[in-house]
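Worksheet for the structure shown next.
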Amino acid sequence: MDTAASTALTFRDATDGDVDALVALIESAYRGESSRGGWTTEADILEGQRTDPEGVLAVVKAPDSRLLTVERDGAIVACCQLEHRGDHAYFGMFAVSPDLQGGGLGKVIIAEAERTAREAWGITEMHMTVISVREDLIAWYERRGYRRTGRMTPFPYGDERFGIPQRDDLQFELLVKPLV
């Protein structure tokens, strides 16, 4: 484990009281100028919101779902969604504060998320979807053991809850990793 990245991290499930801070974190990692401070920005392909308080609260409240919240020195610095879906878990809503990206924190968090899902639900596979044009992000996941499946689902064009697309070729690709 990267000790610098994992220094004084606290992992816990999100609560209702975390919703506003989590929305701000997720937005800062993916949308607008603040997201350009990190490498996970989607600002060039999507404008508008990435999520909203209702969407985050739905994840917090959903059965078979957890919003793993990561704190350092009492501040929320990252999060990810884990959802139990039968024989696998879904990994989503992954965000790391832009000013902390690139230092190994994401590797620590995804490893903890995989361990948590495996231990909590006994699953042997993690699934996620990534916008297919995000080659740099997909490559990062591939280095963590995820594989591209070529299985695509359409981007929800016209539903501004997911952002305002700046191009017409967006779709999600399923990535899968065995957890053994």
Side-chain angles (χ1 to χ4, degrees), residues 1-2 5-6 11 13-14 22 25-31 35 38-46 49-51 55-56 58-59 62 64-70 77-98 100-157 159 161-163 165-180:
M1 182 185 301
D2 183 335
S6 62
F11 292 85
D13 288 336
L22 290 167
L25 168 70
I26 294 163
E27 293 296 317
S28 76
Y30 290 97
R31 298 288 199 276
S35 70
W39 68 274
T40 61
T41 185
E42 295 172 344
D44 293 329
I45 60 172
L46 291 160
Q49 71 179 33
R50 177 63 150 61
T51 192
V56 172
V59 173
D64 292 326
S65 178
R66 303 171 73 171
L67 189 52
L68 195 59
T69 301
V70 185
V77 297
C79 68
C80 64
Q81 171 191 10
L82 295 171
E83 185 178 320
H84 187 203
R85 296 183 177 176
D87 64 348
H88 69 275
Y90 178 79
F91 178 84
M93 213 175 273
F94 186 28
V96 175
S97 178
L100 297 176
Q101 292 179 18
L105 188 57
K107 293 176 197 175
V108 172
I109 294 164
I110 198 167
E112 177 64 13
E114 292 165 354
R115 185 196 66 75
T116 298
R118 193 172 46 247
E119 289 184 7
W121 299 315
I123 53 99
T124 58
E125 196 169 73
M126 186 80 84
H127 290 194
M128 72 173 71
T129 55
V130 179
I131 297 174
S132 64
V133 298
R134 298 290 318 276
E135 294 293 338
D136 55 344
L137 185 57
I138 291 171
W140 187 85
Y141 285 122
E142 287 179 314
R143 291 190 300 274
R144 311 278 89 66
Y146 288 81
R147 66 173 175 77
R148 298 181 86 157
T149 64
R151 291 175 35 200
M152 303 292 182
T153 54
F155 186 87
Y157 283 91
D159 188 342
R161 291 176 305 154
F162 299 99
Q166 301 303 295
R167 45 193 293 177
D168 63 4
D169 63 343
L170 301 182
Q171 56 185 342
F172 294 104
E173 182 171 2
L174 176 66
L175 277 59
V176 175
K177 178 180 181 179
L179 301 181
V180 288

Requested in this report: With side chain to side chain contact (heavy atoms under 4.5 Å, CB included) as the test, would you mind laying out the steps for Lys177 and Tyr141 before giving the verdict?
Outcome: CA-CA 9 Å; Lys177 178 180 181 179; Tyr141 285 122; over 6 Å; no
Margin query: Could you go through Trp121 and Leu82, starting from their C-alpha distance and side-chain angles, then the distance that decides it, and tell me whether this counts as side chain to side chain contact (heavy atoms under 4.5 Å, CB included)?
Written below: CA-CA 10 Å; Trp121 299 315; Leu82 295 171; 3.9 Å; yes
Are the side chains of Met126 and Tyr146 in touch, meaning some heavy atoms are under 4.5 Å apart?
yes
For residues 78-90, the side-chain hydrogen bond (donor to acceptor under 3.5 Å, both in side chains) pairs (sequence neighbours left out) are Gln81-Glu83, Glu83-Arg85, His88-His127, Tyr90-Thr129
For Ala14 and Thr69, the nearest pair of non-hydrogen atoms, with its separation, is CB-OG1, 3.2 Å
Distance col, row Phe94:CZ vs Ile26:CD1, nearest 0.5 angstrom, shows 11.5 Å
Where the side chain of Tyr157 meets the backbone of Leu170, is there a donor-acceptor pair that is under 3.5 Å apart? yes
**Prompt:** Where do Ile110 and Met128 land on the side chain to side chain contact (heavy atoms under 4.5 Å, CB included) test, with the steps shown first?
**Reply:** CA-CA 12 Å; Ile110 198 167; Met128 72 173 71; 4.3 Å; yes
Nearest heavy-atom contact between Arg148 and Ser132 is NH2-O, 3.9 Å
Can you tell me if Glu173 uses its side chain to pair, donor with acceptor, with the backbone of Gly150 under 3.5 Å?
yes
*Residues Val59, Leu22; criterion side chain to side chain contact (heavy atoms under 4.5 Å, CB included); working and verdict*: CA-CA 11 Å; Val59 173; Leu22 290 167; over 6 Å; no
Correct closest heavy-atom pair for Ser35 and Pro98 would be CA-CG, 4.3 Å
Just wondering, do Trp140 and Thr40 contact through their side chains at under 4.5 Å, heavy atoms?
no
Heavy-atom closest pair (Ala29 atom, Gln101 atom, distance to 0.1 Å) is CB-NE2, 4.1 Å
Ile109 versus Phe11: any side-chain heavy-atom pair under 4.5 Å?
-> yes
So CG of Leu179 and CD of Glu125: to nearest 0.5 Å the spacing works out to 8.0 Å
So OG1 of Thr153 and CG of Leu174: to nearest 0.5 Å the spacing works out to 8.0 Å
Give a yes or no on this: more than 12 heavy atoms of other residues, nucleotides or ligands lie within 6.0 Å of atom CZ of Arg151.
no
Between Ala89 and Ile123 the two heavy atoms that sit nearest each other are CB-CD1, 3.9 Å
All heavy atoms of Val96 vs all of Leu25, minimum pair found to be C-CD1, 4.1 Å
Exercise. Could you check if a side-chain atom of Leu46 sits within less than 4.5 angstrom of a side-chain atom of Phe155, using non-hydrogen atoms only?
Key: yes
Distance col, row Thr116:OG1 vs Glu112:CD, nearest 0.5 angstrom, shows 4.0 Å
CG (Leu137) and CH2 (Trp39) are apart, to the nearest 0.5 Å, by 5.0 Å
d(Asp13 CG, Arg66 CZ) to nearest 0.5 Å is 4.0 Å
Quick one: does Arg31's side chain have a donor or acceptor within less than 3.5 Å of a partner on Gln49's backbone? yes
